[in-house]
Amino acid sequence: MSLEFRHIAHAYGNTRALKDISFTAPQGEITCLLGSSGCGKSTLLNLTAGLLPVQQGSVHIGGQLLADESHAPPPEKRPVGLVFQDGALFPHMTIAQNVAFGLPKSGGGSHVIEEWLELVGLAGLGERYPHELSGGQQQRAALARAMAPEPQVLLMDEPFASVDIVLRKSLRRECRALLRQRGATVIIVTHDPEEALDIGDQIVVMDRGRIAQFGTPQELYDTPSSAQVGAIFGGAQVISGERAGGGIVTAFGTWPLSAVVGDAPDSLKLELLLRADGFEVTSADEESALVVRDIRRTGANTQIVLANDGGKELTIEHAEGEMPVIGEQVAVKPRAASVLAFAAAPTAD
Ligand code: ADP
């Protein structure tokens, strides 16, 4: 069942937490809500689960009204499962009892529970109490508890945040495989772009209560709707520029128009999205000399940190050719169509 939001708005007193949110989380897919703290992610989950009333707009599951201003079924009447950041298992119940909690009494008994424990990698641990499991295991148990009643929609609020970083990657891969295999419609809240790219089929980028962009990870990377959305993914930097004569004047040199894609109208202030892998290092010329300030090896890549004479830094990835040395004066040349240009945004709101 798809989960659809139509024109949702929500305020806490004078704080407008959500402003006209509309999107559909498709059936059987994972949709990530990505945004910094306070942008309204939890508010959207809570009003879907029935922990908050819908003030404006409506929520639909499989085309049927779930909740609006005048229709507000209680949480337990909604076909929606919830997983919180810390798992929130009942501490006085065993893992098996926790998983059994949401199941109907006639719901298949202990073999169903054992099946779920096996699916999340906790086979044989049903008799333990939550404090006898590691953080990662507790989070798996919470996942099993939320999924066992087979809700049509699963809402997960920062579900991997309390799991240590080494385990987090493998847990979210397993979790993605499991969710996809069960065909669940899932919304996962995260503030971590890498996590959203890793686990989401779609990403909803939220910014101060609004949707900045909705799309697949590839769409967000290739065609971001603004320099800011682009900067969230793929190690990009945003600088300002201005079109003058036949080129774009920036703090790091004047670049040909052929380097730029997007909206670059004449003599308008621009925001330029630079990808670290979009440059070549060339010899310094009179117009634009940059100093190599640092060279960092990060796994397979080498990053070169350059600074202009005002001290402003640009980090690029070394691709081919001779490696410059720290202190050397160089220039950079963007590759064709590697810089995305946007008309500088008026201040939001
Ligand atoms: P996120 O989950 O993205 O961090 P929230 O949905 O928790 O964002 O919050 C959105 C905005 O609403 C924030 O400005 C937050 O301070 C405010 N807010 C959230 N809950 C309450 C509340 N119970 N009372 C007042 N303001 C709240």
Side-chain angles (χ1 to χ4, degrees), residues 3-25 30-61 66-69 72 74-75 78 80-88 139 142-143 146 151 153-163 165 168 171-172 175 179 185-215 217 220 224-226 228-233 345 347-349:
L3 174 66
E4 185 186 353
F5 298 94
R6 293 187 196 159
H7 304 294
I8 293 285
H10 198 93
Y12 300 96
N14 290 330
T15 306
R16 292 172 66 206
L18 295 173
K19 304 162 194 167
D20 198 18
I21 298 288
S22 297
F23 71 93
T24 300
I30 298 175
T31 301
C32 279
L33 288 185
L34 174 70
S36 48
S37 176
C39 73
K41 305 181 297 293
S42 304
T43 302
L44 197 61
L45 284 203
N46 289 340
L47 58 84
T48 308
L51 305 177
L52 276 176
V54 172
Q55 295 174 346
Q56 236 183 76
S58 54
V59 186
H60 303 254
I61 288 186
L66 175 72
D68 67 6
E69 284 161 72
R78 300 187 183 205
V80 170
L82 263 178
V83 181
F84 293 105
Q85 194 177 115
D86 53 5
Q139 202 55 10
L143 195 63
V153 168
L154 195 57
L155 308 174
M156 307 173 83
D157 198 351
E158 300 268 2
F160 311 110
S162 61
V163 180
I165 192 133
R168 199 179 299 165
L171 183 59
R172 73 183 179 224
C175 181
L179 293 168
T185 301
V186 185
I187 292 201
I188 298 183
V189 160
T190 179
H191 64 272
D192 176 0
E194 189 194 317
E195 181 157 296
L197 290 176
D198 210 27
I199 202 168
D201 296 301
Q202 283 77 226
I203 301 176
V204 181
V205 182
M206 293 186 62
D207 179 29
R208 286 165 292 174
R210 288 188 197 282
I211 295 179
Q213 192 168 0
F214 174 84
L220 295 187
S225 62
S226 68
Q228 282 67 32
V229 171
I232 296 173
F233 304 102
T347 27
D349 235 11

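Side-chain atoms are counted along with the backbone in the values below, which use heavy atoms only and exclude waters and symmetry mates. Residue numbers start at 1 and run along the sequence shown. Ligands are counted one by one from 1 in listed order, and the atoms in each one are counted from 1 as well.
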Got a sec, which residues hit salt bridge (Lys or Arg N to Asp or Glu O under 4.0 Å) with Arg78, two or more places apart in sequence or on another chain?
none
About how many Å separate CG of Asn46 and NE2 of His10, when rounded to the nearest 0.5 Å?
9.0 Å
Would you tabulate the side-chain donor-acceptor contacts of residues 35-42 under 3.5 Å, counting partners in other chains and residues two or more places apart, or write 'none'?
from  : atom 1 : to     : atom 2 : distance (Å)
Lys41 : NZ     : Gly35  : O      : 2.8
Lys41 : NZ     : Ser36  : O      : 3.1
Ser42 : OG     : Asp157 : OD2    : 3.3

Residues in contact with ligand 1, criterion: heavy atom under 4.0 Å
Tyr12, Thr15, Ala17, Ser36, Ser37, Gly38, Cys39, Gly40, Lys41, Ser42, Thr43
If you measure only the distance, is there a donor-acceptor pair under 3.5 Å linking the side chains of His7 and Gln56?
no
Output for pair (Ile188 CD1, Leu154 CG), nearest 0.5 Å, gives 8.0 Å
With sequence neighbours excluded, tell me which residues meet salt bridge (Lys or Arg N to Asp or Glu O under 4.0 Å) with Asp201.
Arg176, Arg180
